[in-house]
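Note that the structure is predicted; figures quoted are calculated from it, not measured. Counting starts at 1 for both ligands and their atoms, following the listed order.
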Amino acid sequence: MGCFPFLKKYDHGSKFFGCGPPRHFPYYPQFHDQFDLAHLCDQVEVEPIESPYKTKSRGDVNGHASNMHHMYVHDNDCVLIKVVHFGSETSVGVQYDDNGEWKFKPIWARRAGPRAWIYFSPHMVKAAIVTCGGLCPGLNDVIRQIVISLEVYGVKSILGIQYGFKGFVDNNHLPIMLTKKLVQTINMSGGSFLGVSRGCPPLEDIVNKLEEWNVNMFFVIGGNGSHAGALAIYNHCAKRKLKLVVVGIPKTIDNDIELLDKTFGFDTAVEEAQRAINAAYIEASSAFNGVGIVKLMGRQSGYITMYATIASGQVDIVLIPEVPFVMDGKYGILDYMKKRIQKNGICVVVIAEGAGQEQLDNNGGMDASGNPILGDVGKWFTNKVKEYFGKAKIPIDAKYIDPTYMIRARACNSSDHIFCSILGQNAVHGAFAGYTNFTIGLINTHYCFLPIPMVIRRPRMVDPNSIMYHRCVTSTGQPNFNNPK
Ligand SMILES: Nc1ncnc2c1ncn2[C@@H]1O[C@H](COP(=O)(O)OP(=O)(O)O)[C@@H](O)[C@H]1O
Ligand SMILES: O=P(O)(O)OC[C@H]1O[C@](O)(COP(=O)(O)O)[C@@H](O)[C@@H]1O
Ligand SMILES: [Mg+2]
């Protein structure tokens with residue numbers, strides 16, 4: 001047993017709360033290695049000041065004097081990352097740590113929220129916001145909320161970097177000054193108010209610009225790639241000992257960020273994807289021997305496909321990148337489709353764009369960010385189906401629906417609006433608290449600050465042995481096309 005793992009030299013929480021020393025928790029060395037956060041104090045000498053972010057005191061509440069400091073999160077507040085205590089290593093969903101251990105070892109993440117002590121005078125803050133990678137519902141909500149929250153602290157200078165990281169070096173698209181007034185209604189539409197792009201100028205050039213423009217809070221809204229970029233930018237800043245914090249806000253419609261319950265826009269994407277599946281079902285069920293094929297996004301992670309399939313309940317076959325499949329032979333997909341059509345007169349297939357790529361004759365190369373450009377598995381699949389049923393002289397009416405960009409370009413639903421607002425607020429709280437090289441995520445329904453390196457170790461993918469994937473294939477009733485022998 002030792003001291004509470006989060007306690008640091010710059011921890012002023014207990015002093016301000018006047019609540020005595022923090023509670024003592026067991027000491028877990030892996031916390032320090034993995035989930036502690038970088039702080040501005042590691043880079044430069046800086047003294048904290050009292051936060052101006054306060055609610056108004058409203059007098060007594062139920063006979064108790066209200067304490068306006070109660071709105072602050074204590075620096076030692078933490079969230080347990082793994083919450084299930086597995087009774088046996090054969091229990092479904094058993095998680096192994098990096099040492100191959102399955103037994104419960106608590107690992108904590110730092111709880112997000114406003115701190116009582118901050119490391120920037122709001123009037124000295126110059127913030128910059130960038131959105132990178134592909135679109136995702138909710139981007140505008142996050143931009144808007146970061147701007148609003150910065151203004152609540154009293155920040156007057158906020159730059160919007162246009163068209164992703166390229167906006168740092170593009171003289172035709174110089175940064176724009178963002179204000180609450182300017183961004184007030186942007187959450188009502190999809191896309192990114194600032195624009196997005198893939199590809200990146202040399203990171204040194206970005207850091208030079210950040211320094212030249214006196215930026216001291218840098219908010220990167222993006223996925224795995226953008227977070228890798230943010231990490232590299234942080235490393236440069238730390239080396240140069242800049243008084244600048246780098247904050248990530250995870251954006252990925254594919255929901256492929258490690259450790260997080262989910263990322264913003266994902267629920268909206270599932271909702272929209274389900275509408276496409278239902279349309280495919282209606283089309284197919286209204287035709288003689290109708291076949292509906294829907295392609296959904298998911299470069300390497302089949303989350304949208306899995307969740308939309310379960311949500312719809314009208315899917316016969318679901319295919320995701322994590323689970324290989326075969327088309328031909330007695331136990332292949334085509335033969336199974338034939339049986340479904342002969343039995344029910346309909347077959348609905350949902351396929352994630354990254355599924356079965358190894359079977360396509362595709363050498364699409366890489367996009368500007370280094371992501372593989374995928375072949376159109378939906379078209380390939382549809383052609384295979386038409387060819388097979390044509391040869392078998394079984395008439396079918398096949399419709400292929402590709403709603404991918406329509407899903408991505410949507411404005412988000414109300415739960416994602418709320419989710420994005422909370423992420424945006426916490427991004428600003430974390431920046432003022434002096435944390436850097438961190439991102440914000442929902443873990444076990446609590447908002448946490450997480451070190452960027454921990455969330456980009458590998459992309460999050462669907463576990464074919466998980467209960468959720470089992471639920472998914474139970475909902476379709478499909479057999480295993482993976483190992484048909
Ligand atoms: N490993 C990396 N290091 C530095 N920057 C990266 C890295 N991977 C991607 N980027 C940059 O991050 C931005 C977004 O990456 P991309 O993969 O397109 O989207 P996402 O952030 O959604 O994954 C691009 O400007 C890209 O050049
Ligand atoms: O057409 P684009 O912009 O290259 O985007 C396609 C990719 O973008 C995504 O929607 C999201 O990818 P990112 O997280 O890298 O932005 C993937 O699902 C898809 O493969
Ligand atoms: Mg990505």
Give yes if a backbone or side-chain nitrogen or oxygen of [X] is under 3.5 Å from a nitrogen or oxygen of ligand 1, and no if not.
{"X": "Ala368", "value": "no"}
{"X": "Ser197", "value": "no"}
{"X": "Gly225", "value": "yes"}

Which protein heavy atom lies closest to [atom], and at what distance to 0.1 Å?
{"atom": "atom 14 (C) of ligand 1", "answer": "Ser226 OG, 3.3 Å"}
{"atom": "atom 12 (O) of ligand 2", "answer": "Arg299 NH2, 3.3 Å"}
{"atom": "atom 18 (O) of ligand 2", "answer": "Asp254 OD1, 2.7 Å"}
{"atom": "atom 25 (O) of ligand 1", "answer": "Gly199 O, 2.5 Å"}
{"atom": "atom 17 (O) of ligand 1", "answer": "Asn371 ND2, 3.0 Å"}
{"atom": "atom 26 (C) of ligand 1", "answer": "Ser369 OG, 3.4 Å"}
{"atom": "atom 27 (O) of ligand 1", "answer": "Cys200 CB, 3.0 Å"}
{"atom": "atom 20 (O) of ligand 2", "answer": "Glu353 OE2, 2.5 Å"}
{"atom": "atom 2 (C) of ligand 1", "answer": "Ala228 CB, 3.4 Å"}
{"atom": "atom 5 (N) of ligand 1", "answer": "Gly229 CA, 3.4 Å"}

To the nearest 0.5 Å, tell me how far [X] [atom1] sits from [Y] [atom2].
{"X": "Lys156", "Y": "Glu151", "atom1": "NZ", "atom2": "CD", "result": "7.0 Å"}
{"X": "Asp205", "Y": "Phe168", "atom1": "CG", "atom2": "CZ", "result": "11.0 Å"}
{"X": "Ile129", "Y": "Leu178", "atom1": "CD1", "atom2": "CG", "result": "5.5 Å"}
{"X": "Ser157", "Y": "Trp213", "atom1": "OG", "atom2": "CH2", "result": "12.0 Å"}

Ligand-residue contact atoms, ligand 1 with [X], heavy atoms, under 4.0 Å:
{"X": "Gly133", "value": "14 (C), 18 (O), 19 (O), 22 (O)"}
{"X": "Phe165", "value": "12 (O), 13 (C), 25 (O)"}
{"X": "Gly223", "value": "20 (P), 21 (O), 22 (O), 23 (O)"}

Which residue in the set Ile249, Leu423, Val155 passes side chain to side chain contact (heavy atoms under 4.5 Å, CB included) when paired with Ile146?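 The single option meeting the side chain to side chain contact (heavy atoms under 4.5 Å, CB included) with Ile146 is Ile249.
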Going by the atom numbers of ligand 2, which of them fall below 4.0 Å from some non-hydrogen atom of [X]?
{"X": "Gly298", "answer": "18 (O)"}
{"X": "Gly134", "answer": "16 (O)"}
{"X": "Tyr405", "answer": "1 (O), 2 (P)"}
{"X": "Ile253", "answer": "10 (O)"}

Lys251 near ligand 1 by a heavy-atom separation under 4.0 Å: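 Right, Lys251 reaches ligand 1.
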Test: Glu204 and Arg240 ion pair at under 4.0 Å: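 Here Glu204 pairs with Arg240 in a salt bridge, since their nearest N and O are under 4.0 Å apart.
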In this structure, are over 12 heavy atoms from other groups packed under 6.0 Å from [X] atom [atom1]?
{"X": "Arg198", "atom1": "CZ", "answer": "yes"}
{"X": "Tyr281", "atom1": "OH", "answer": "no"}
{"X": "Tyr336", "atom1": "OH", "answer": "yes"}
{"X": "Met124", "atom1": "CE", "answer": "no"}
{"X": "Glu45", "atom1": "CD", "answer": "no"}

Could you tell me if Asp254 and Thr252 have a donor-acceptor pair between their side chains, going purely by distance under 3.5 Å?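 On atom types as modelled, these side chains do not qualify, holding no pair under 3.5 Å.
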For atom 14 (O) of ligand 2, tell me which residue out of Met297, Lys251, Arg198 has the closest non-hydrogen atom.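 Answer by nearest heavy atom: Lys251.
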Determine, stepwise, if the pair Glu387 / Lys384 fulfils salt bridge (charged side-chain N to carboxylate O under 4.0 Å, His left out). CA-CA 5 Å; Glu387 196 184 292; Lys384 284 265 178 201; 5.3 Å; no
For ligand 2, is Gly133 a contact, meaning one of its heavy atoms is under 4.0 Å away?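 It does; at least one heavy atom falls under 4.0 Å.
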